[in-house]
Amino acid sequence: MKNKAKSNLVNICLFVVLCLIGGTTYAFQKLGVENGLPFWSAGIRFLIAGMIMLIYALITRKFKVDAHTIITAILYGCLYFCLPFGAIYWVGQYLPSGMLSVLSASVTIFSIGFNYLFKAEKITVYQIIGILISMIGIGLIFLQSIVFTTNKFTIFCLIISLFAYLSAAFSTVFLKVKVFKIHTLSFNAMSLLVGGSILSFISLLIENGDRWYSDYSLFSLIYLALMGSMCATAIMTHLLKNWNVVKVTAYRFIVPVISLVVGFVFFSEKLAMNELCGAFLIIIGMVFINTIKTKNSN
């Protein structure tokens, strides 16, 4: 019983860390592509993270592969790291980071549909209620800036973003189905290297410009590689072994709230009443999704 309680506490702490990482990732991505190349920035980020994990696995002799792990890593690298992140990095040149963090919450919604198709696990009524409450909160915070957008190019970027998050949701549920059959550390390293290699190759084919990093762009790259990729990927894979997809992906609802707090604390941005109410509803939704238990909640 004590071991189970300890394990639950560790998972909750890891979930909080994942929320904090997610809440800062989009701002750092925006910083990294201001003077850089989007596909190159995403690719190098994943290559650095993947190489560090691969070296660690080799040194500790934990690098183990089989056909199932390799195939899953290749598919996940393409469907989670290459397609979604390549698209989000590209549209990140034109859309505010706050808007992208809000749209990322669609991953949880899409995951429910794919979860049903894969028959991966049961989603509880409480979790669905929590998602609906959190969606209302998201709407209160940012709906005006999304719905009342009339610029055609902006709408085009929003559509690309949604397709990117659709791919992220599909690959997350796909990984949930396969997660107990793979060697986790080897899988994480290989999937990052696959996604990073493809994006870097695409960049060399179609992008022209400066590929060097310095000052803020270098700091952004290092943070995203170590925290946004290496740590976040390891945490996601671990949580998928212990929680269901909805609970794991629900951190994306917290991301906009953290973005608001960061803006308030570090940039003296004012919080409007609709933003405070939206944040409150999101937190209530998280209570339903993560703490109200039924026999199928895990």
Does the ring-ring contact (aromatic ring centres under 6.0 Å, His included) test come out yes or no for Y76 and F187, once each step is laid out?
-> CA-CA 9 Å; Y76 192 74; F187 163 80; 5.3 Å; yes

Begin from the C-alpha positions of F219 and Y213 and carry the test ring-ring contact (aromatic ring centres under 6.0 Å, His included) through to its verdict.
-> CA-CA 9 Å; F219 177 74; Y213 294 88; over 10 Å; no

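The CG atom of N8 lies 8.5 Å from the CG atom of N242; values are rounded to the nearest 0.5 Å. Rounded to the nearest 0.5 angstrom, I282 CD1 and C277 SG are separated by 11.5 Å. Remark: I155 CD1 to I160 CD1 distance equals 12.5 Å, nearest 0.5 Å. How far CD1 of I159 is from OG1 of T154: 11.0 Å, rounded to the nearest 0.5 Å.
Between F85 and F46, the ring center distance clears the sub-6.0 Å criterion. Between F114 and F174, the distance separating the two ring centers is not shorter than 6.0 angstrom. Ring to ring, F170 and F110 are not that close: their centroids are 6.0 angstrom or more apart.
Between the side chain of K64 and the backbone N or O of H183, no donor-acceptor pair lies under 3.5 Å. Counting only distance, with no hydrogens or angles, the side chain of S167 and the backbone of L79 share a donor-acceptor pair below 3.5 Å. Side chain of N11 to main chain of S7: a donor-acceptor pair is present (N/O by atom type, distance under 3.5 Å, no hydrogens or angles). Of the possible donor and acceptor atoms, none in the side chain of T69 sits under 3.5 Å from a partner among the backbone N and O of V65. Under the 3.5 Å distance criterion, the side-chain polar atoms of R45 are left unmatched by any main-chain donor or acceptor of S220. E207 places a side-chain N or O within 3.5 Å of a backbone atom of F39 that can act as its donor or acceptor partner. Judged purely by atom type and a 3.5 angstrom limit, S191 uses its side chain to pair as donor or acceptor with the backbone of N188. The closest donor-acceptor contact from the side chain of Q93 to the backbone of W90 lies under 3.5 Å.
Across all non-hydrogen atoms, the minimal contact from S171 to A168 is OG-O, 3.0 Å. Smallest separation of non-hydrogen atoms from K178 and T72: CB-CG2, 4.0 Å. The minimum heavy-atom distance between A57 and L185, with the atom names listed, is CB-CD2, 3.5 Å.
Residues L9 and L20 do not share a hydrophobic cluster, defined by chaining ILVMFWY side chains whose heavy atoms lie under 4.5 Å apart. Placement of L18 and I283 in two distinct hydrophobic clusters is found when ILVMFWY residues are connected by side-chain heavy-atom separations under 4.5 Å, directly or transitively.
Side chains of T24 and Y223: a donor-acceptor N/O pair is present below 3.5 angstrom, by distance only. Remark: the Y165 side chain and the R252 side chain contain no N/O donor-acceptor pair separated by less than 3.5 Å.
Relative ring orientation between F15 and W243 is described as tilted, the plane-to-plane angle lying within the 30° to 60° band.
Proximity of L175 to I182: side-chain heavy atoms (C-beta onward) are separated by under 4.5 Å at one or more points.
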